[in-house]
Amino acid sequence: MSFVANLVSPIDGATYPADEPHTTHRERPLLVQYDLERVGRALDGADFTTRPSNMWRYRELLPDIPRESGIVSLGEGMTPMLQADALGSRLKINHLFIKDESQQPTGSFKSRGMSVAVTMARAFGTRRVALPSAGNAGGALAAYAARAGLEAYIFMPADTPPANIFEAQLAGASVFLVDGLITDCARIVREGVDRLNWFDMSTMREPYRVEGKKTMGLEIAEQFGWSLPNVIVFPTGGGTGIIGMWKAFLELTQLGLIDEDELPRLVAVQSDGCCPLVRAFEAGKPYAEPFPNPKTIARGLRVPSSIGDVLTLNALRQSDGVAVAVEEGRIREWMTDVARHEGISMGPEGATCLGAVEYLRKERWIGRNEVVVMFNCAAAQKTAGFPDSDNTPAVLLDKDHVDWDRITGSVTDNPPQGLE
Ligand SMILES: Cc1ncc(COP(=O)(O)O)c(C=O)c1O
């Protein structure tokens, strides 16, 4: 049974049929619109907890998948909501959580969007998909395309972390490195649509990746017992995370599963080395100007312009949220803080959330007793060894003449009582 009504342009309300592939409308994104009355009737008495523990448990709020083609899944979704008490007590926040997307099948939240988008591409008979990527989306597309039996063409900036290039090549994608930014990669992908007849899977240029990201919002609601935290903090580049979660919350309120006055304040975090959305938010503008000369080690946030800007800014404003730029030079420190205090392998993008929470708590924008969720969008090890990483090399020991001075030199604490 289909619950999808059509595709709709949030700019002017134009609609398109959902049973054929579409990309953008007036160069802006299209979103999937559901018949929420029918969804409501189908969900009446539904118990999600009896369904498989992955994001497809919300199938009534996901696109209709033809039985013949089936879902392309690697078990994505239902990532843990981890309490971050050590960081919380340092920041004087009593209820701090990290939604840990590093535990996704491809090590990042991009698994969600690609599962839905590749499923739909295959259902529409697409054989060849292409993508500009900062890294994680490329790795995810390669994996899901391999599983679906599709050809994948991925264009990444030349200084993309090696792990992302490796994972995409391993899964059989054709990977090209471009001496430029993700926007240059996007131009090549657009040119190839006519030349090579591939389907453009770029952020917000097809309507289904956002539907996958939407499940992060649905999961948060379920994980908090069908209520929502006060504040959600998300590292933002192209904006699909913020747009998808806000769409989830609006659908849940329309379904009566969440109260309107329970909606969270959304926080988009960017590095001060690339913060087009923060500038637009602060200037009260409806869209963002391209950010000149963007520089950040958080490659997923090095997005100088995005066609999702209007929707992202709308979601922030409607939710009474805010866009925050944090200091580029402190991202490593925040990564280390999260790993050492909580044991969570936080990528540079997610680490910016800690900087934002620190700042917003100091400003009293976040209260001590509020429930705050930060996102870890990808595992830190996906960025290991990349060009601007500043990891200290580990000490190399000679196995036959172990240099104990080097080992004892690294001991900082007194040994625990009783072990001497
Ligand atoms: C790890 C990570 N975090 C955050 C983002 C930005 O997400 P969005 O495009 O949904 O704003 C990306 C995008 O590449 C990413 O890879």
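First listed ligand is number 1; within each ligand, the first listed atom is number 1. Treat the numbers as computed from the prediction; the structure is a model and nothing was measured.
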Between the protein and ligand 1, which nitrogen or oxygen pairs come in under 3.5 Å, and how far apart is each?
{"residue": "ligand 1", "atom": "9 (O)", "partner": "Gly238", "partner atom": "N", "Å": "3.0"}
{"residue": "ligand 1", "atom": "9 (O)", "partner": "Gly239", "partner atom": "N", "Å": "3.4"}
{"residue": "ligand 1", "atom": "10 (O)", "partner": "Thr240", "partner atom": "N", "Å": "3.2"}
{"residue": "ligand 1", "atom": "10 (O)", "partner": "Thr240", "partner atom": "OG1", "Å": "2.7"}
{"residue": "ligand 1", "atom": "10 (O)", "partner": "Gly241", "partner atom": "N", "Å": "2.9"}
{"residue": "ligand 1", "atom": "11 (O)", "partner": "Gly237", "partner atom": "N", "Å": "2.7"}
{"residue": "ligand 1", "atom": "11 (O)", "partner": "Gly238", "partner atom": "N", "Å": "3.3"}
{"residue": "ligand 1", "atom": "11 (O)", "partner": "Gly239", "partner atom": "N", "Å": "2.7"}
{"residue": "ligand 1", "atom": "14 (O)", "partner": "Lys110", "partner atom": "NZ", "Å": "3.0"}
{"residue": "ligand 1", "atom": "16 (O)", "partner": "Asn136", "partner atom": "ND2", "Å": "3.0"}

Problem - salt bridge (Lys or Arg N to Asp or Glu O under 4.0 Å), paired with Arg112, selected from Glu76, Glu211, Glu101 - result: Glu101

Handout entry: Check ion pair Asp159-Arg302 (N to O, under 4.0 angstrom)
Key = yes

Exercise for the section: State whether Arg265 and Glu370 are salt-bridged, where the test is any N-O pair (Lys NZ or Arg NE/NH1/NH2 against Asp/Glu carboxylate O) under 4.0 Å. Expected result: yes

Handout entry: Non-hydrogen side-chain atoms of Val278 and Asp272 separated by less than 4.5 Å
Key = no

Handout entry: Name of the residue among Thr119, Val116, Leu30, Val118 meeting side-chain contact (heavy atoms from CB on, under 4.5 Å) with Tyr208
Key = Val116

Practice task
Classify the angle between the aromatic ring planes of Phe224 and Phe97 as parallel (below 30°), tilted (30 to 60°) or perpendicular (above 60°).
Solution key: perpendicular

